[in-house]
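For reference, the structure is listed below as structure tokens.
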Amino acid sequence: MTDLDAFRADTRAWLDANCPTEMRQPVRSEADYCWGGRNWTFQSDAQKHWLGVMAARGWTVPDWPRDYGGGGLTPEQAIILKEELARIGARSPLVSFGISMLGPALLKFGTEEQKRHYLPQIARGEIRWCQGYSEPGAGSDLAGLQTKAEDKGDHWLVNGQKVWTSYADKADWIFCLTRTSAESKQGGISFLLFDMETPGVSTKPILLISGNSPFCETFFDDVKVPKDQVVGEVNRGWDVAKYLLGHEREMISGMGLGGGGSLGEKLRLNVIPTDPLLRADIAAFDVDALAFQAMSERFVAMWKAGEAHPASPSMMKYAGTELNKRRNELTMARGGSDAIQFEQEHGGHSAHDWLRSKGNSIEGGTSEIQLNIIAKHILRLPGA
Ligand SMILES: Cc1cc2nc3c(=O)[nH]c(=O)nc-3n(C[C@H](O)[C@H](O)[C@H](O)COP(=O)(O)OP(=O)(O)OC[C@H]3O[C@@H](n4cnc5c(N)ncnc54)[C@H](O)[C@@H]3O)c2cc1C
């Protein structure tokens, strides 16, 4: 038996003993996800237990170093863990912008103090983060942001407004892009972290077509931020912002995998006869999804090894979001008029998911912007 075989056997035994049955059921709605944070109310004892045991083992962030709350797994071990979790249909113990976005940026740009302070809390699900990038006048043209952070000697004084800040009203802390100098557009940006309970921070939810209010306008009115809460160098926050965006795009592209498994099986096409044209579309989708999965595994391995082209998250994001939108269209087509009913068919989540998927090609940078990046940096086309 190789070391990896032994690791798989141990992992399987540990998961069998520690993953509650309830946490092996498919996620039915947004409410089944565990976001953590200081105001989090666990949906069940099983959800609390699952987060607790996984965090204690460092397996909410299996490939982060142990010193920072991670599992210290090698890339090969991390893949085995992922496979074993998928084998039993285990839910993710924690969904977190801290894990998928801020953590990687802190690992690369944070000071040792920042890493030791924030990363273990992120790994244990103790801080829920939101992302303060977009502003009313700065979305695709993100470097045009105007939220100002003035150097007041012992603190930064932040004033301005963000928009589309996902879960700002539920988050504990924000990672926020601010303008600290007017000397150049990208050159005068700094990346700040601060508590959403700091005096002067307020949020206003925005109601969407899906009936939910997942994001907010976020206002900063004379917010005092300690000087040591800058990540990376002052005025060089654009480097941190871009690096984090690569990880965000990788995370969003993962939606293309739709939790794994064939859509045909999920829609139970094997037992219920249906329109042959729809069956053909779903079969074609499943083939494309398998190809995407293979590409994704290769990309993630290269990305984690630092070998991927810096623009490759744009390819993944574009392909993954197109796939996810297609999956939702097919699910709605398969469900017929029942699927449109918001509150009935299985709690109405097909319609909610379908409407939510429309935002995939906007969040984390629009599809048009991803195509521009691919044209310029990968295809080397002129004038893009
Ligand atoms: C579900 C969701 C969650 C989000 N969560 C967050 C969050 O947590 N934090 C945060 O900061 N932001 C968040 N956003 C905002 C998101 O990052 C922006 O909406 C996105 O970057 C686009 O910016 P914009 O809305 O200002 O559109 P604009 O930049 O005004 O773009 C409008 C249209 O013009 C096109 N366009 C713009 N420039 C070009 C160009 N050069 N070439 C070709 N076409 C172009 C765009 O593709 C788009 O179709 C979220 C958005 C969504 C949908």
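In this chain, numbering begins with 1 at the start of the sequence shown. Predicted model, so just to flag it, every value in this text is computed and none were measured. In listed order, ligands and their atoms are each counted from 1.
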Aromatic rings Y167 and F97: how do their planes relate, parallel, tilted or perpendicular, breaks at 30° and 60°? tilted

In terms of ring plane angle, is the pair H247 and W303 parallel, tilted or perpendicular, where the classes change at 30° and 60°? tilted

For residues M101 and F175, determine if any side-chain heavy atom of one lies less than 4.5 Å from a side-chain heavy atom of the other. yes

Does a side-chain heavy-atom distance below 4.5 Å link Y118 with W129? yes

Protein heavy-atom partner closest to [atom] - residue, atom, separation in Å:
| atom | value |
| --- | --- |
| atom 9 (N) of ligand 1 | Q131 O, 2.8 Å |
| atom 48 (C) of ligand 1 | T366 CG2, 4.0 Å |
| atom 44 (N) of ligand 1 | E368 CB, 3.5 Å |
| atom 17 (O) of ligand 1 | S134 OG, 3.3 Å |
| atom 23 (O) of ligand 1 | G139 CA, 3.2 Å |

If you measure from each heavy atom of R356 to ligand 1, is any distance below 4.0 Å? yes

Does atom 35 (C) of ligand 1 have any protein heavy atom closer than 4.0 Å? no

Measure from atom 42 (N) of ligand 1 to the protein's non-hydrogen atoms and state whether any distance is below 4.0 Å. yes

Which one holds for F215 and ligand 1: side chain close, backbone close, both close, or neither close, with close meaning a heavy atom under 4.0 Å? side chain

Below 4.0 Å, non-hydrogen atoms only: which portion of L142 touches ligand 1? Side chain, backbone, both or neither. neither

Could you tell me whether K227 atom NZ has more than 12 heavy atoms of other residues or ligands within 6.0 Å of it? yes

Taking atom NZ of K204 as the centre, report whether more than 12 heavy atoms of other residues, nucleotides or ligands fall under 6.0 Å from it. no

Side-chain donor-acceptor pair present, N324, T321, cut-off under 3.5 Å: no

In terms of side-chain heavy atoms, does K325 have a donor or acceptor partner in S361 at a distance below 3.5 Å? yes

Any nitrogen or oxygen of N372, side chain or backbone, less than 3.5 Å from one on ligand 1? yes

State whether the shortest distance between N or O atoms of E363 and N or O atoms of ligand 1 falls below 3.5 angstrom. no

Determine, using ring centers only, whether W59 and W14 are less than 6.0 Å apart. yes

When the aromatic ring centroids of W173 and F194 are compared, is their separation below 6.0 Å? no

Which option, [options], owns the non-hydrogen atom nearest [atom]?
| atom | options | value |
| --- | --- | --- |
| atom 38 (N) of ligand 1 | S166, C130, S140, P136 | S140 |
| atom 7 (C) of ligand 1 | W129, W164, F97, Y133 | W164 |
| atom 45 (C) of ligand 1 | I362, I369, L145, L245 | I369 |

G359: numbered ligand 1 atoms lying under 4.0 Å from its heavy atoms: 53 (C)

